[in-house]
Protein chains: 2
Amino acid sequence: MTEDTCLITVINEERIAQARAQMPEEHLLIELAETFKLLGDPTRVKILQALAITELCVCDLAALLEMTSSAISHQLRLLRARGIVRFRKAGKVVYYNLDDSHVQTLVEVSLRHAAEC
Amino acid sequence: MTEDTCLITVINEERIAQARAQMPEEHLLIELAETFKLLGDPTRVKILQALAITELCVCDLAALLEMTSSAISHQLRLLRARGIVRFRKAGKVVYYNLDDSHVQTLVEVSLRHAAEC
DNA sequence: TAAACGATTGAGCAACTATTCAATTAAGGA
DNA sequence: TCCTTAATTGAATAGTTGCTCAATCGTTTA
């Protein structure tokens with residue numbers, strides 16, 4: 001991390017200034033990336049899509065995705081930590097729901113777009 | 001990958017059937033996850049956000065994000081590969097633009113939501 | 001109370017990823 | 001032509017991640 005060429009060489013100073021002025025705060029962009037990263041995994045996308053259709057317990061999700069309940073549980077923990085899913089206990093069984101309608105619309109919008117390609 | 005408990009134990013058979021029937025095709029969900037994964041990195045989100053404001057060359061992006069142009073170039077390659085950015089050459093300088101308006105609105109919508117939290 | 005079962009958790013591992021570093025390409029200017 | 005510079009590329013590396021496996025927790029029921 002010494003002075004790299006391109007930390008000095010600047011070609012369009014005004015544009016950089018403009019971008020810098022209009023860019024959202026860094027922590028906001030990092031937050032954003034965190035959320036996208038969470039959606040950026042096939043298993044988690046499938047879980048979210050399934051929960052968008054109906055409430056399911058860990059075991060059902062495991063059966064649906066043909067994975068171990070351990071693997072599912074690990075992923076649900078991440079989704080829980082970001083408040084994307086919520087759960088309710090019914091005895092031994094834990095049912096999961098989507099808790100973030102925004103994420104749901106995000107997935108819907110993206111799916112529509114993906115389907116167009 | 002033998003017969004795991006939860007590949008057999010099913011609690012809500014009808015719900016699983018319903019989810020299975022309504023779930024989008026697997027390859028579509030995987031595509032979706034690929035796109036989200038690409039957005040799920042701070043550097044790439046910053047690049048996209050900057051390009052949403054103004055056209056910039058590799059060097060400018062490097063200066064703006066305080067990173068080496070090599071690191072930026074590597075990330076641009078990934079974004080290019082998915083058709084999210086396009087470029088035009090002006091002599092030695094390569095200018096990058098957003099090429100996917102959908103991704104742009106995706107980021108905008110998400111930013112608005114992130115800002116609300 | 002003990003056994004059974006759904007779910008969670010932590011350690012470990014293999015696969016992946018973002019950056020660095022060095023080498024190379026392509027274009028411009030001396 | 002040679003030198004400089006913007007950009008790209010490949011290899012190497014440090015850090016991350018998703019799954020497995022085994023152990024454990026909490027609840028039900030025999």
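FYI, side chains are in, hydrogens and waters are out, and symmetry mates aren't considered; it's all heavy atoms of this structure. Residue numbers start from 1 in every chain, and the chains themselves are labelled A, B, ... in the order their sequence lines are given, proteins ahead of strands.
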A:Gln75 vs A:Lys89, nearer the 5' end of DNA chain D by closest nucleotide = A:Gln75
Would you say a side-chain N or O of A:Thr43 is under 4.0 Å from OP1 or OP2 of D:dC19?
-> yes
How long is the line joining CG of B:Leu76 and P of D:dA7, in whole Å?
-> 10 Å
Do any side-chain nitrogens or oxygens of A:Arg77 fall under 4.0 Å of OP1 or OP2 in D:dT17?
-> no
A:Tyr95 atom OH is separated from C:dT8 atom P, nearest whole Å, by 13 Å
Atom CG of A:Leu39 and atom P of D:dG18 are separated, to the nearest Å, by 12 Å
Does a sphere of radius 6.0 Å around CD in A:Glu14 hold more than 12 heavy atoms from other residues, nucleotides or ligands, not counting ones at 6.0 Å or beyond?
-> yes
B:Thr68 side chain near C:dT20 phosphate (N/O to OP1/OP2, under 4.0 Å) = yes
Could one point to a donor on the side chain of B:Ser70 or the base of D:dT8 with an acceptor on the other under 3.5 Å away?
-> no
Looking only at side-chain atoms of A:Arg80, point me to the closest of C:dT19, C:dT8, D:dA6.
-> C:dT8
Between B:Lys37 and C:dC16, does any side-chain N or O lie under 4.0 Å from OP1 or OP2?
-> no
Looking only at D:dT8, D:dA7, C:dG6, the nucleotide nearest the A:Val93 side chain is C:dG6
Which nucleotide in D:dT4, C:dA18, C:dG10 has an atom nearest any side-chain atom of A:His74 = C:dG10
How long is the line joining NZ of A:Lys46 and P of D:dC19, in whole Å?
-> 9 Å
Calculate the interatomic distance between B:Ile72 atom CD1 and C:dT20 atom P; express it in whole Å.
-> 10 Å
So does A:Arg77 have more than 12 non-hydrogen atoms from other groups sitting under 6.0 Å from CZ?
-> no
Closest to side chain of A:Lys92, choosing from D:dT28, C:dA22, D:dA7 | D:dT28
May I ask you to check whether over 12 heavy atoms, not counting those of A:Gln22, lie within 6.0 Å of atom CD?
-> yes
Hey, which of B:Leu39, B:Leu98, B:Ile47, B:Val103 is the one that makes side-chain contact (heavy atoms from CB on, under 4.5 Å) with B:Leu79?
-> B:Ile47
Per A:Cys57 side chain, nearest of listed nucleotides C:dT9, D:dT9, C:dA7 | C:dA7
Okay, side chain of A:Arg44, backbone of A:Gln75: is any donor-acceptor separation there less than 3.5 Å?
-> no
Earlier contact from the 5' end, DNA chain D, for B:Val94 and A:Gly40 | B:Val94
Given atom CG of A:Leu61 and atom C1' of C:dA7, what is their separation to the nearest angstrom?
-> 12 Å
Would you call B:Glu55 and B:Arg86 a salt bridge, using N to O less than 4.0 angstrom?
-> no
Please state how far atom CG in A:Asp60 lies from atom C1' in C:dG6, giving the value in whole angstrom units.
-> 11 Å
Nucleotide D:dT4, atom C1' - distance to CD1 of A:Ile11 in whole Å | 13 Å
Please state whether the phosphate of C:dT8, meaning OP1 or OP2, lies under 4.0 angstrom from any side-chain nitrogen or oxygen of A:Tyr96.
-> yes
